[in-house]
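First up is the structure itself, then whatever we jot down about it.
Basis for what follows: all heavy atoms, side chains included, without hydrogens, waters or symmetry-related copies. In this text, all values refer to a predicted model and were calculated from it rather than measured experimentally. Reminder, nothing fancy here: chain letters follow the sequence lines and each chain counts from 1.
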Protein chains: 2
Amino acid sequence: MSAEAIPSERQQAVLDAVLELLVEKGDALTMTAVARRASCSKETLYKWFGDRDGLLSETVRWQASQVRAGNFDAQHLDSSALRDSLRDFAANWLSVISSRTSLALNRVAIGGAGSPPNTLGAIVLANGRFAIGERLKPVLEAGRAVGLLHFDDTEETFRTLFGLVARDVQVRLLLGEAIELKPDEILADAQRAVTQFFALYGARENPAKPGH
Amino acid sequence: MSAEAIPSERQQAVLDAVLELLVEKGDALTMTAVARRASCSKETLYKWFGDRDGLLSETVRWQASQVRAGNFDAQHLDSSALRDSLRDFAANWLSVISSRTSLALNRVAIGGAGSPPNTLGAIVLANGRFAIGERLKPVLEAGRAVGLLHFDDTEETFRTLFGLVARDVQVRLLLGEAIELKPDEILADAQRAVTQFFALYGARENPAKPGH
DNA sequence: ATTCAACCGTACCGTACGTTACGGTTCGGC
DNA sequence: GCCGAACCGTAACGTACGGTACGGTTGAAT
């Protein structure tokens, strides 16, 4: 597979097997185990993906292609619509970073990010943090255009929103703490983050009252 | 070494060698390389630290014992003193999580956090995220006691401050992005985080004007 | 001077994994 | 029905590493 090609159905099945094993075994994933789980030969793995790193890279892209959340349209943008969009984004982001597959992929990417070439880390960043940023910035700027938000630097503003949403959750999960996020907790957390975000960047009329 | 003992000077030299190699080689650290770098025998390594995991655990504790920042006293607590304390905390925390040694240790801990027993991840969390929380909470509560801060849940409040300080920096660094944080940038970032924090939790007189 | 414990350097063992090679099988095209 | 490509299952190779064993050396206590 070249870096741009879409994996065939058979190849997708292999990549799903990789995801399964990554969740189960963590970085102790072996090519033999992948071949056995996917009922394919190791020779095929190497023909399709080049080497172990290529297989993992393709797995990252495959998983990323599955979590693209719905787009946010900038139509009928009043305050509550913007708040809803941001809340949905935050909730989606929280459930992604706390999903077992995302955690497993981030772990192997981080574990291998020590010494170059650091292919996995770059791919994860491009498909995770930066992809979400590019999808959200138009929403923030649309909110600013209609006077609902006040800020200068879109990138900086997004980073603050990112911090308010993720807080210490991602690092704690990556380090193995067993945090269970139920759907309603995720929604409440997302709501809190958005409320705080509007307290910082929202239009000044109707000052928010954060704190609990 | 038992889990509680203080390493001897010779042992500290070994642990420093581990830190060096961890920064250089990442998770590809081998016992042979440690022995060679530290000019000691592998037999001694195993006698002192039990096994590879024990060596890494002791290294985490050793590094953590070196980054304890100065305590914050709650005397003469006016608004600017509290802001300074929080800013110093934030700046210290940013420089710690962006240091090469901390990054290397977090990477190996995260890489091994996939499958139990996850000793390293727990140790890193206890000495990092949770230790900093326990040291900062008294400051927040002292600020609340004198009416400078308004909040209900100390833990929740700290987590928000954590998010405002770290934002996406830690994850991006862990994934291998080459972000250089100069001291003045760290200080400016810390200042921004504290300003935003006071906008959310500060006393209502003198409303802050965040955004840049 | 002797003893003894700690330690260094190195050789060694078992194992596990990435990668390659090969024989057998399936299946679409002719 | 035949051919060739793609693929499966497995065996094999080379290497690298964690962990152990052992002889030699130092240095302090007696």
Partners meeting salt bridge (charged side-chain N to carboxylate O under 4.0 Å, His left out) with Asp168(B) (sequence neighbours left out):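 Salt bridge (charged side-chain N to carboxylate O under 4.0 Å, His left out) check on Asp168(B) returns Arg129(A), Arg159(A), Arg172(B).
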
Kindly write out the residues that satisfy salt bridge (charged side-chain N to carboxylate O under 4.0 Å, His left out) with Glu134(A), not counting sequence neighbours, or none if the list is empty.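 Salt bridge (charged side-chain N to carboxylate O under 4.0 Å, His left out) check on Glu134(A) returns Lys137(A).
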
Is it the case that the side chains of Lys25(B) and Ser115(A) hold a donor-acceptor pair, with the cut-off being a distance below 3.5 Å and no angle test?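 Short answer, no.
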
Give one of base, sugar-phosphate or nothing for Leu29(A), where a contact means two heavy atoms less than 4.0 Å apart.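 The residue Leu29(A) makes sugar-phosphate contact but no base contact.
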
Could you tell me whether the side chain of Trp62(A) reaches within less than 4.5 Å of the side chain of Asp16(A), counting heavy atoms only?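 Contact flag for Asp16(A)/Trp62(A) side chains = yes.
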
Write down the distance between [atom1] ([X]) and [atom2] ([N]), rounded to a whole number of angstrom.
{"X": "Leu55(A)", "N": "dT19(C)", "atom1": "CG", "atom2": "C1'", "result": "14 Å"}
{"X": "Met31(A)", "N": "dT20(C)", "atom1": "CE", "atom2": "P", "result": "10 Å"}
{"X": "Tyr46(B)", "N": "dC22(D)", "atom1": "OH", "atom2": "C1'", "result": "17 Å"}
{"X": "Arg52(A)", "N": "dT20(C)", "atom1": "CZ", "atom2": "C1'", "result": "17 Å"}
{"X": "Asp27(B)", "N": "dG18(D)", "atom1": "CG", "atom2": "C1'", "result": "15 Å"}
{"X": "Lys25(A)", "N": "dC17(C)", "atom1": "NZ", "atom2": "C1'", "result": "14 Å"}
{"X": "Leu45(A)", "N": "dG9(D)", "atom1": "CG", "atom2": "P", "result": "11 Å"}
{"X": "Asp53(A)", "N": "dC17(C)", "atom1": "CG", "atom2": "C1'", "result": "15 Å"}

Filtered N/O pairs between nucleotides 11-15 of chain C and protein, under 3.5 Å:
none

Closest non-hydrogen atom pair between Ser99(B) and Val96(B), with its separation: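 Looking at all heavy atoms of both residues, the shortest contact is OG-O, 2.8 Å.
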
Please check: side-chain N/O of Arg192(B) versus main-chain N/O of Leu164(B), any donor-acceptor pairing under 3.5 Å?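 It does hold such a pair.
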
Can any side-chain N or O of Arg61(B) pair as donor or acceptor with the backbone N or O of Asn127(B) at less than 3.5 Å?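 It does not hold such a pair.
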
Between protein and nucleotides 6-8 of chain C, what N or O pairs are separated by less than 3.5 Å?
residue : atom : partner  : partner atom : Å
dC7(C)  : OP2  : Trp48(B) : NE1          : 3.4
dC8(C)  : OP1  : Arg10(B) : NE           : 3.4
dC8(C)  : OP1  : Arg10(B) : NH2          : 2.9
dC8(C)  : OP2  : Ser41(B) : N            : 3.4
dC8(C)  : OP2  : Thr44(B) : OG1          : 2.9
dC8(C)  : N4   : Glu43(B) : OE1          : 3.0

What residue pairs, at least two apart or across chains, pass ring-ring contact (aromatic ring centres under 6.0 Å, His included) with a residue in residues 152-173 of chain A?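 Only Trp93(A)-Phe162(A) qualify under ring-ring contact (aromatic ring centres under 6.0 Å, His included).
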
With sequence neighbours left out, write down each residue that passes side-chain hydrogen bond (donor to acceptor under 3.5 Å, both in side chains) with Arg107(B), or none if nothing qualifies.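 Not a single residue meets the side-chain hydrogen bond (donor to acceptor under 3.5 Å, both in side chains) criterion with Arg107(B).
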
